[in-house]
Amino acid sequence: MKSKSKTIFVCQNCGAQRARYEGKCSDCGSWNSYVEEKTAPPSTGRGWVESNKSSAVRLDQEIEETIMPRFATNSEELDRVLGGGLAEGSFVLLGGAPGIGKSTLLLQMAGGLASFQKKILYASAEESVGQTQSRAYRLGIKSANILIAAENSLPEIIQLAEKEKPDILVVDSIQTIYLPELESAPGSVSQVRECAAQLMNFAKKKNIAVLIIGHITKEGNLAGPKVLEHMVDCVLLFEGDTQSDFRLLRTLKNRFGAVGELGVFEMNQKGLRGVSNPSELFLSQREDQRVGSAIFASMEGTRPFLCEVQALSVSTPMAMPRRTAVGFDQARLHLLSAVMDKHLGIRFSQQDLFVN
């Protein structure tokens, strides 16, 4: 007897489920985030560990220490952020704002992996094969080890991957692929959760590294249910100002390396170029004897960065002076101004402060 699907309402921000519509999610507090979806009948075989092979191991037993194989990406900055290279059989999520260069970064990574005779399948659900080829040629990537496909059906992508047997599978993006058996639209919580679960199973069973691109919300958080970040082995955030040439790749989660590692890239006509000495680049336009400017060292991941802090104070007739901070903790700015006002006799209570 075929089981019937029922209708539920799912919060697109946190994944909470309700039997009826709510204007405000009682779990995460977001407004108008509930969307009607139909639940699919439970499927079998979701896990990647076969039940008849499951066993427990005592920690006092001696085991042979194994080194996890890693693939060099031919990019020093990307290898550092990944913890020494792309781990074999890993499941990686790359998030970032639209137009920041996520597809360019993974396409260049595919070119670097192909130079080490690794086979890559790049499945794009947002662009045609011609568009992806045009970007690859513009970046100077021409390799027989890179296969490009335009497909948004997950079963078709997995079937193609099983046929071609690549070392690395890239899916662009998780919000645009779908499972036909689910009636909800691509990008919904149920579609993202189930597609990610099947990709994780595929990565672990076949020992193939899978990289997926994810969108972010207007608040800067990764879109989709939070369970998506728990499923993957590594979460990377690609950020930066689209008006600037600099891009920052940050590690938010990594089961195979350090968390908080930072990679710096510069966007040019030939794509993204890794910056080996970011401090020199950040301070290249700084003049000597600048007033209101200071240099400080900041630890990001495992290496220090030299950055410039600019400050300006202007007298104000207003009763409540302004405290404006860009890239600096505003609460700390209030604290520092209060300390200097109290112990140095500087009347910051009558000054507007700007820190960049």
Side-chain angles (χ1 to χ4, degrees), residues 2 5 10 35 37-48 50 86 88-95 98 102-107 109-111 113-114 118-136 141 143-215 222-225 227-228 231-233:
K2 185 178 180 180
S5 60
V10 182
V35 174
E37 297 183 6
K38 290 185 178 180
T39 59
S43 60
T44 59
R46 290 189 178 185
W48 60 272
E50 298 181 10
L86 181 63
E88 184 180 6
S90 60
F91 191 27
V92 181
L93 169 63
L94 172 64
K102 302 183 297 296
S103 301
T104 301
L105 177 65
L106 290 190
L107 202 54
M109 183 203 69
L113 290 166
K118 301 301 179 183
K119 190 175 182 180
I120 301 97
L121 174 60
Y122 190 102
S124 175
E126 299 181 350
E127 295 179 326
S128 65
V129 172
Q131 289 175 313
T132 308
Q133 280 183 320
S134 177
R135 178 188 288 115
I141 302 172
S143 175
N145 292 324
I146 302 177
L147 305 175
I148 296 175
E151 183 59 63
N152 59 354
S153 174
L154 183 60
E156 296 292 335
I157 294 175
I158 293 180
Q159 183 179 359
L160 182 60
E162 290 178 343
K163 174 185 175 182
E164 299 294 342
K165 295 180 173 56
D167 299 303
I168 298 97
L169 170 64
V170 179
V171 178
D172 184 7
S173 66
I174 189 65
Q175 275 83 15
T176 52
I177 62 175
Y178 71 97
L179 283 169
E181 57 264 28
L182 296 181
E183 298 184 16
S184 54
S188 61
V189 168
S190 58
Q191 284 282 6
V192 171
R193 181 177 58 242
E194 293 300 322
C195 288
Q198 292 203 16
L199 285 172
M200 182 190 68
N201 296 341
F202 179 75
K204 304 304 179 183
K205 284 183 178 180
K206 303 295 183 180
N207 202 27
I208 293 176
V210 176
L211 295 98
I212 58 175
I213 292 179
H215 300 164
L222 287 166
V227 68
L228 178 62
M231 285 182 183
V232 299
D233 299 317

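Computed over heavy atoms, backbone and side chain alike; hydrogens, waters and symmetry mates excluded.
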Are [X] and [Y] side-chain neighbours, meaning at least one heavy-atom pair lies under 4.5 Å?
| X | Y | value |
| --- | --- | --- |
| Lys206 | Glu162 | yes |
| Glu164 | Lys119 | yes |
| Asp233 | Lys204 | yes |
| Ile158 | Gln198 | yes |
| Ile177 | Leu199 | yes |
| Gln191 | Leu179 | yes |
| Val10 | Val35 | no |
| Ser90 | Leu86 | yes |

> Is the backbone of Asn145 close enough, under 3.5 Å, to the side chain of Ser143 for a donor and an acceptor to pair up by distance?
Replying inline: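 Present.
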
Rounded to the nearest 0.5 Å, what separation is found between the [atom1] atom of [X] and the [atom2] atom of [Y]?
| X | Y | atom1 | atom2 | answer |
| --- | --- | --- | --- | --- |
| Leu169 | Leu160 | CG | CG | 9.0 Å |
| Cys195 | Leu154 | SG | CG | 5.0 Å |
| Ser188 | Glu183 | OG | CD | 11.5 Å |
| Lys102 | Ile212 | NZ | CD1 | 12.5 Å |

Shortest non-hydrogen separation from [X] to [Y] and the atoms involved:
| X | Y | result |
| --- | --- | --- |
| Ser173 | His215 | OG-NE2, 3.3 Å |
| Glu127 | Ala150 | O-CB, 3.6 Å |
| Pro186 | Tyr178 | CG-CB, 3.8 Å |
| Asn207 | Glu88 | ND2-OE2, 3.0 Å |
| Ile174 | Ala196 | CD1-N, 4.0 Å |
| Ala161 | Pro166 | O-CD, 3.2 Å |

> Between Leu228 and Val192, is a side chain to side chain contact (heavy atoms under 4.5 Å, CB included) present by the stated rule, with each step listed?
Replying inline: CA-CA 8 Å; Leu228 178 62; Val192 171; 3.9 Å; yes

> Out of Val210, Leu211, Ile208, Leu121, which residue meets the side-chain contact (heavy atoms from CB on, under 4.5 Å) rule with Ile168?
Replying inline: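 Option passing the side-chain contact (heavy atoms from CB on, under 4.5 Å) with Ile168: Leu211.
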
>> Under the side-chain contact (heavy atoms from CB on, under 4.5 Å) test against Ser124, which residue among Thr176, Ile213, Asn152, Thr132 passes?
In response: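 For Ser124, the side-chain contact (heavy atoms from CB on, under 4.5 Å) check succeeds only for Thr132.
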
